[in-house]
Amino acid sequence: MLAYLIRRLINAVLTLLVVSLVTFGIFFMVPKITGSDPALLYIGKTSDAASIEGIRVKMGLNDPVLVQYGKFLKGLVAGRDYVSGPEVTHCDAPCLGYSFKTEQEVTPLLMSVLPVTLSLALGAAILWLIIGVSTGVISALRRGSLLDRTVMSAALFGVSMPIYFTGLIASAIFVYQLGWLPQGQYVPFLESPSEWFTQLLLPWITLAFLFAATYARLTRANMLETLGEDYIRTARAKGLPERVVIGKHALRSGLTAIVTVFGLDLGALLGGAVLTEKVFNLRGLGYQALQAIQGNDLPVILGVTMIAAGFIVIANLVVDLVYGLIDPRVRLA
Amino acid sequence: MSLGPEASVTDETSAPTADAAEVRGPAEKAIAGRSLKQIAWRRLKKDKVAVGGGIVVLLLIVVAILAPLLTKLFGHPIDEYHIDQIDPTFGTPIKPWGGISSDFIFGVEPTSGRDVFSRVVYGAQTSLTVAFLSAFVSTILGVIFGTAAGFLGGWIDSMISRVMDLLLAFPQLLFSIALVSVLPYSILGLDGRWSRILVLVGVIGFFGWPYIGRIVRGQTLSLREREFVEAARSMGARSPRILFRELLPNLAAPILVYTTLIIPTNILTEAALSFLGVGIPPPNPSWGGMLSDAISTYQTDPMYMIIPGGMIFITVLAFNLFGDGLRDALDPKAR
Amino acid sequence: MSRNTRAIAAAGVALALGLTTAACGGSKSDDKKTDGASGGKSAYNLAITEVVNPSTAKGGTVNLWGAQDADFWDPARGYYAFVWNLNRLYTRKLVEYAATPGKAGLELKPDLAQAMPEISADKLNYTFKLRSGLKFDDGTPITSKDIKYGIERVWATDVISGGPVYLPAVLDPKGEYKGPYKDSDPNKLGLKSVTTPDDSTISFKLSKPSADFMYLLAMPGSGPVPQKRDTGAKYTTAPAASGPYMFKEGSIQPGKGAIFVRNPNWDPATDPIRKALPDQITFTVTTNAEDMDSRLIAGTVDADAGQTGVQAATRTKILQDPALKANADTPVTGFLRYAGLATSVAPLDNIECRKAIIYAADPTSIQAARGGPIAGGDIGTSMLPPNIAGSDPKYDPFNRLPGKPQVEEAKKALTACGKPTGFDVTIAVRNNKPAEVKSAEALQAALKPAGINAKIEQYDGAQQASITGSPDNVKAKGYGIIIGGWGADYPTGTGYMQPLSDSRFIPKNGNYNLAEIKDPSIDALFDQAQLETDPAKAAEIYSQINHKIMEGAYYLPFVVDKALNYRNPRLTNAYIHDAFGMLDFQALGVNDGK
């Protein structure tokens with residue numbers, strides 16, 4: 001078990017390293033290929049050679065790409081220094097870089113927007129898990145009933161609706177027409193828990209509707225599959241109450257697939273719900289990333305990519321571990 | 001496949017990691033058989049919902065192909081301005097319901113008065129082209145690498161599996177946006193529209209292949225140990241023969257199903273990228289681009305949001321219905 | 001032209017001495033002007049011409065929201081117009097724009113200086129005497145050396161890039177000074193052309209006469225900076241304050257906003273310009289412009305800090321409700337929107353082909369693409385905005401005012417150009433400016449009937465300096481038509497037109513003379529204007545330059561930019577400052593003390 005854990009951890013770190021190398025390579029090589037100069041992104045109306053050179057030195061653009069990457073890694077592990085005129089800025093580890101556009105370190109910048117994404121993703125996840133799994137179970141048990149068909153049609157609708165359409169419709173109806181909910185503007189939980197809740201309610205519901213659809217379908221399919229298995233028949237034959245048969249046996253084995261998908265979805269969502277955050281104007285990781293991409297703020301793009309990849313890798317790891325805990329057929333070795 | 005809609009489209013049978021795939025391997029045996037085609041066809045025909053989806057899909061394909069003709073018959077050129085249809089102060093259509101009239105059957109675009117019908121029809125062309133071509137790219141790559149990994153095994157398998165894991169660990173939507181936005185607008189001497197379509201096909205297709213690749217690998221692994229392959233091998237058949245005569249025909253069904261199911265995801269991804277402003281460049285229409293334009297006017301002119309959004313919804317739904325039906329027909333165990 | 005992503009507005013400083021009626025372009029509406037003098041009355045566009053709700057009541061908080069954060073709070077680096085406007089809260093300069101509505105606001109008044117400078121007979125030496133009792137927010141006195149040091153920072157573009165760099169051309173044309181961070185002088189005061197004989201005297205020695213020099217001294221970058229507190233690139237996170245307000249400690253949060261509180265060491269007796277009414281001014285960055293609009297209407301936000309106009313839905317709401325409309329203004333922003341016709345790209349090297357494009361363009365559809373007559377602006381006819389001296393709104397050489405494309409004229413011009421069947425051309429447009437992309441589409445559609453086939457090429461707006469700003473690249477890529485916009489950094493014809501039309505202003509990167517006009521007679525006129533101290537005569541010269549640009553068919557003007565802004569009725573002393581085309585933030589107060 002321990003050996004397996006260590007192996008997986010090493011794997012995760014390696015994956016992150018490769019992701020960072022690839023990202024770094026692409027975003028620092030593309031300007032070279034297309035012949036544009038990243039230093040020019042940072043100058044103003046007047047662009048004399050001295051200021052371009054100054055920016056190049058400051059950003060370390062004169063170093064070979066591999067040296068730049070090495071410095072990035074060093075910053076990540078041990079922190080690094082940036083010279084900004086008369087003063088030297090020290091960027092503590094884990095230093096994801098320094099945004100020359102806004103003169104701030106990337107790590108604290110991303111940490112400051114992380115709560116928005118966390119609130120959004122976790123809230124929506126709880127909602128869709130409850131709705132999705134419960135409707136899935138009911139549909140499976142009442143297979144072919146009107147309820148089953150309604151739920152499954154609704155699920156299919158949900159799967160086919162992009163968030164940037166549902167989101168717009170939802171705000172058009174609930175915010176602008178009915179005025180039931182406030183307009184999107186993230187309020188930190190500590191500042192006002194009630195406003196935090198009301199502001200996030202619409203994004204949660206919209207997002208959850210989308211995901212719950214998938215989970216309902218998934219749960220139903222898995223339940224149906226396991227309900228046909230011999231051991232369920234055995235359990236029923238033993239005279240176990242239906243509640244136990246469903247809860248303890250059928251659902252449990254169906255859970256593995258749900259956990260898998262859930263972990264991956266959550267990981268991906270935490271790494272940046274770009275569309276949701278854009279539609280609902282939530283300044284989270286995804287929104288920040290979009291802005292960085294539009295403004296060509298390379299250090300921020302790199303930082304967000306790293307954090308997002310980190311979430312996905314961790315989610316994978318957790319999924320595999322949880323797998324072993326719920327599915328007795330899996331032995332981690 | 002959370003690339004597009006930001007929702008999980010991860011299919012029931014696909015699993016997250018190589019280890020997990022092996023665990024679940026035995027549960028997803030493909031049904032092989034000579035009369036598979038007929039059986040499946042008969043089953044599919046009975047599934048009214050799937051047939052309905054299929055008809056809508058065919059209809060959309062016809063619309064996309066006939067876009068120039070339809071525009072000529074029922075609309076106006078996509079880049080023709082009808083400023084007389086627009087209220088100059090507010091920039092919204094003068095006529096109610098988004099300016100719908102006998103002349104403009106889907107209404108007109110705010111600020112410019114361009115014909116929404118023509119733009120939606122051309123948008124279908126863009127959307128479907130990108131979706132089909134990128135599904136094709138994903139499938140080709142997925143099949144090549146998937147069978148290679150499953151059939152050859154050893155270090156090749158672990159290499160390919162590693163790469164697939166890595167690609168799945170990429171924040172894909174973010175990466176696609178960044179990648180598409182730094183790539184130049186015209187490549188290979190093509191005009192803006194087609195070079196962008198090519199870029200989108202490349203990026204969406206590339207990020208899609210590990211999903212197919214993983215399924216193909218799993219299937220290949222299980223088929224490799226099956227009796228009929230053993231038999232062929234013991235009779236002295238060489239690897240290429242086993243691969244092409246024994247394995248690939250048996251892989252055809254799952255490949256077909258997953259290719260069909262990847263298309264709606266690709267439609268959503270293309271629309272998402274256009275929505276975020278890195279898709280098809282104007283004045284070429286795209287559904288995502290229209291939705292993104294609609295953000296500034298949807299409170300006063302909701303029709304302009306509903307039409308392209310509705311088109312995306314109908315198209316994706318039709319593909320999903322048809323794909324589901326196809327899967328059920330080919331793999332009765334799924335239901 | 002706004003730089004990089006800094007879109008919404010680079011400094012749009014619009015002018016003085018200009019024609020007043022023109023300055024309030026859209027003010028012909030019938031419901032303008034109820035009698036504004038009576039306190040508490042407000043009317044549509046009233047703030048353009050007079051002070052709405054005059055008051056001296058102190059206290060309360062002015063809440064400004066903005067959809068875009070400041071580029072930099074460091075006065076030497078900020079370049080957005082609204083940042084220059086907010087800068088008046090915390091940075092004083094030797095001279096400053098007067099705090100009055102209308103053209104009077106464009107007049108420079110002594111601020112840190114006791115009086116306007118003594119200027120030598122050869123117009124090369126300017127000497128200022130400082131007021132006494134000037135202090136920074138930490139209580140240390142402001143001396144002439146702090147002003148000199150602040151000015152020197154403009155040279156240090158290698159460390160603190162972003163802001164305008166005009167002074168070196170006047171004070172150090174040979175580029176001998178390398179900026180304070182590379183200065184070998186122990187006090188970092190090595191710039192030779194600026195001298196500080198004592199703590200209250202500062203003199204400038206110009207290399208050549210410059211009629212616009214005083215405007216350069218009124219830019220934020222010419223304010224005082226205490227050398228001890230200068231942290232270089234980091235200075236933008238905690239700039240020192242010389243004005244009535246300072247940043248609340250730690251309140252500058254990139255992407256979120258900033259809070260201004262009273263500077264206890266500012267002495268009102270030393271400052272004839274600023275009233276400093278509210279106790280606090282907050283600047284909040286929002287991600288949701290629609291939310292900001294509804295808060296404006298609800299009265300929980302006092303004004304849009306960017307002053308770039310409300311969103312489409314709110315525009316409809318305001319214009320349809322007379323009560324709301326009475327609190328709205330549509331001032332000209334000082335920006336022109338236009339397309340440069342690159343003379344380096346065939347067949348636009350031929351003036352007739354350029355004329356064909358101008359004639360074929362549909363003024364109305366482009367105006368609609370920019371937002372229509374109220375929110376977008378009036379149809380542009382020439383290259384000098386109506387609020388800069390020398391402009392004539394009636395000057396319409398291409399007959400654009402009727403608002404119709406002139407395909408016949410365009411075909412005639414095409415024949416004269418030797419391309420009777422038309423030609424192919426590429427329109428280059430920034431991808432991060434939706435209105436510009438829409439203008440490009442409208443232009444493309446309008447050119448078609450004349451046989452001109454335009455292809456739209458979007459480029460990364462953040463890389464503007466090296467894409468459309470690079471003449472070599474423009475030529476290589478064949479960008480015949482380049483969509484752009486420009487607001488002057490200081491309100492004179494030179495400030496507006498020189499970067500757009502002087503052949504000596506074509507750098508390898510960051511070029512704004514999009515047409516690459518190389519006309520010695522235009523260059524000579526700019527030189528002549530710099531020697532002209534009589535504003536009326538200077539205006540005459542600028543009018544000539546404007547005519548020469550239009551006669552050469554170098555630019556296709558789109559619209560004279562306007563923005564529909566809403567102000568909270570509780571605001572006192574509200575008026576549009578002509579230097580910025582927006583509310584004068586430093587003058588604002590609130591009438592309820594909250």
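These numbers were taken from a predicted model, which means no experiment stands behind them. Residue numbers begin at 1 in each chain, while the letters A, B, ... track the order of the sequences.
Looking at A294(B), there are no atoms closer than 4.5 Å to chain A (heavy atoms on both sides), in backbone or side chain. Of the atoms belonging to F157(A), heavy atoms from both backbone and side chain fall under 4.5 Å from chain B. There is no contact between I307(A) and chain B, counting heavy-atom distances below 4.5 Å. Within the 4.5 angstrom heavy-atom criterion, atoms from both the backbone and the side chain of V19(A) approach chain B.
Ranking I314(B), I295(B), L167(B), L291(B) against chain A, the residue ahead of the rest is L291(B), based on heavy-atom pairs under 4.5 Å. For the options S292(B), P302(B), G310(B), heavy-atom pairs under 4.5 Å to chain A are most numerous at G310(B).
Between the CG atom of L168(A) and the CZ atom of F275(B) there is a distance of 5.5 Å, given to the nearest 0.5 Å. Atom CG of N11(A) is separated from atom CG of D165(B) by 8.0 Å, given to the nearest 0.5 angstrom. For the atom pair Q288(A) CD and L174(B) CG, the distance stands at 11.5 Å (nearest 0.5 Å).
Within the 4.5 Å cutoff, no side-chain heavy atoms of V159(A) are placed close to those of L317(B). R162(B) is not listed as a side-chain neighbour of T15(A), based on a closest heavy-atom distance of 4.5 Å or more.
The closest donor-acceptor contact from the side chain of Y164(A) to the backbone of A272(B) lies under 3.5 Å.
Test D324(B), V316(B), V49(B) against L156(A) for side chain to side chain contact (heavy atoms under 4.5 Å, CB included) and you get one pass: D324(B).
A pairwise comparison of heavy atoms in M161(A) and F313(B) identifies SD-CD1, 3.4 Å as the closest pair.
Applying the salt bridge (charged side-chain N to carboxylate O under 4.0 Å, His left out) definition to pairs two or more places apart or across chains, none involves residues 12-22 of chain A. The list of side-chain hydrogen bond (donor to acceptor under 3.5 Å, both in side chains) pairs with a residue in residues 18-27 of chain A, not counting sequence neighbours, reads S20(A)-Y69(A).
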